[in-house]
Amino acid sequence: MMVRHFLDWTAPGAPAIRAMLDEAHRRKQARRGMPRGRPDHDRPLDGHTLAMIFEKPSTRTRVSFDMAMRQLGGSALNLSSSELQLGRGETIADTARVLSRMVDAIMIRTNGHDKIEQLAEYAHVPVINGLTDHNHPCQALADVMAVEERLGNVRGTTWAWLGDGNNMAHSIIEAGSLLGFTVRLGVPADYEPEPAVVAQARALGATVEIVRDARAAVDGADVVLTDTWVSMGQAGGEAKLAAMAPYQVTPALMALARREAVFLHCLPAHRGEEVMDAVMDGPQSLVWDEAENRLHAQKAVLLWCLGVLEA
Ligand code: CP
Ligand code: NVA
């Protein structure tokens, strides 16, 4: 069998993504009330180890992958690239070859997407994307889970993305193209998502709309999402913050969405910038479910990558 990497949603494809989402929902329900460090009853990854490489900071991705491995009966190694020889010039290819002899899977958070592609090319074990500058596919699974829990089927819904057309926006656009929801982006001219990402989604039949007006983006939406205006490793600056200001998610903006609409944010949030407290902490906010779902979604990703979840 080909090594199953999880770098985006397109390679696994819609049936595998659906299987992962179903598995994540099922395992979440099955272990309700159990202590968080106690393994699931079937311990499906008993004896397996995940190496986690972080080239950028992380709270959710770090803790959720570690706990995911514990709950699946395995364990995780928490590695920072600055402490690896990778940080002082050992190549990605050689790092991939060595880790492949010692662990069962590798999760990496890095900057350039070409780096994770290279890691996957040379690794003999599955490589999982814990965020690159290009995308964040694990987060998109957790987001869809949270919306399915509240609204049910996402097919035919409209998701309004506000602010920066960044890595997270790319994964939401890709998710829409595989699961059949519309993504309407309210973004400033210089901060649109990469045209290739939009083109790929449209080629799959997806509806991806780009508008300048935040109110038009949110009008009648089922889901409203945003993210930090300055991502890790980005320069930011006054000009970008000024361009983003009209896209702040406020209660007045949320009022233009459907009455049942929900608010998502992958976190960490910069309260008072891209979102106001009243929205983050309000009844439409699913941000804490979304964060928790990282754990459940990643368990399904790990099971798919290691061939336990057939799809
Ligand atoms: N949402 C997310 O990936 O959070 P961390 O940066 O804390 O991992
Ligand atoms: N767009 C953000 C997401 C953080 C989880 C970043 O890349 O910093």
Quiz prompt | ILVMFWY cluster membership beyond Leu131 - transitive side-chain contacts under 4.5 angstrom | solution = Met232

Quiz prompt | Under the side-chain hydrogen bond (donor to acceptor under 3.5 Å, both in side chains) test, residues paired with Ser171 that sit two or more places apart | solution = none

Exercise. Hey, could you give me the CE/SG distance between Met20 and Cys305, rounded to the nearest 0.5 Å?
Key: 6.5 Å

Quiz prompt | salt bridge (charged side-chain N to carboxylate O under 4.0 Å, His left out): pairs with one or both residues in residues 6-18, sequence neighbours excluded | solution = Arg18-Asp22, Arg18-Glu148

Practice problem: Could you tell me which residues satisfy side-chain hydrogen bond (donor to acceptor under 3.5 Å, both in side chains) with Gln118, sequence neighbours excluded, listed by chain and number? | Solution: none

Quiz item: Do Arg27 and His296 touch side chain to side chain, with heavy atoms closer than 4.5 Å?
Solution: no

Quiz item: Going by atom types only, do Arg26 and Gln29 share a side-chain donor-acceptor pair under 3.5 Å?
Solution: no

Exercise. Nearest 0.5 Å please: distance from the OG atom of Ser177 over to the CH2 atom of Trp9.
Key: 9.0 Å

Exercise. Can you tell me which residue pairs pass the salt bridge (charged side-chain N to carboxylate O under 4.0 Å, His left out) test with a partner in residues 173-196, sequence neighbours excluded?
Key: Arg184-Glu209, Glu192-Arg212

Quiz item: Listed by chain and number, what are the side-chain hydrogen bond (donor to acceptor under 3.5 Å, both in side chains) partners of Arg150, not counting sequence neighbours?
Solution: none

Practice problem: Run the salt-bridge test on Arg70 and Asp66 with the 4.0 Å N-O cut-off and return the result as yes or no. | Solution: yes

Exercise. Taking atom types as modelled, find out whether Asp94 and Gln85 have a side-chain donor-acceptor pair closer than 3.5 angstrom.
Key: no

Quiz item: Which other residues belong to the hydrophobic cluster containing Val103, where Ile, Leu, Val, Met, Phe, Trp and Tyr are joined when side-chain heavy atoms lie under 4.5 Å apart, directly or via other members?
Solution: Leu7, Ile53, Leu77, Leu79, Leu84, Leu86, Ile92, Val98, Leu99, Met102, Ile106, Ile108, Ile116, Leu119, Val125, Val127

Quiz item: Using a distance-only test with no angle check, is there a side-chain donor-acceptor pair under 3.5 angstrom linking Thr226 and Glu274?
Solution: no

Quiz prompt | Between OG on residue Ser285 and CG on residue Asp277, distance to nearest 0.5 Å | solution = 11.0 Å

Exercise. Please name the pair of heavy atoms, one in Asp164 and one in Trp229, separated by the smallest distance, quoted to 0.1 Å.
Key: OD2-O, 3.7 Å

Exercise. Mind telling me whether His134 and His170 have parallel, tilted or perpendicular rings, with 30° and 60° as the class edges?
Key: tilted

Quiz item: How would you list all residue pairs meeting salt bridge (charged side-chain N to carboxylate O under 4.0 Å, His left out) that involve residues 243-258, not counting sequence neighbours?
Solution: Asp222-Arg258, Arg258-Glu260

Quiz prompt | Residues clustered with Val211, ILVMFWY side-chain links under 4.5 angstrom | solution = none

Exercise. Could you give me the CA-CA distance, side-chain angles and deciding distance for Phe65 and Ile128, then say whether side-chain contact (heavy atoms from CB on, under 4.5 Å) is met?
Key: CA-CA 10 Å; Phe65 267 108; Ile128 299 171; 3.7 Å; yes

Self-check item: Side-chain cluster (under 4.5 Å, hydrophobic types only) that Val63 belongs to, other residues
Solution: Met67, Leu295

Quiz item: Listed by chain and number, what are the side-chain hydrogen bond (donor to acceptor under 3.5 Å, both in side chains) partners of Asp133, not counting sequence neighbours?
Solution: Lys56

Exercise. Quick one: list whatever passes ring pair (Phe, Tyr, Trp, His ring centres under 6.0 Å) with His265, sequence neighbours left out.
Key: none

Quiz item: Side-chain donor-acceptor pair under 3.5 Å between Ser100 and His124, yes or no?
Solution: no

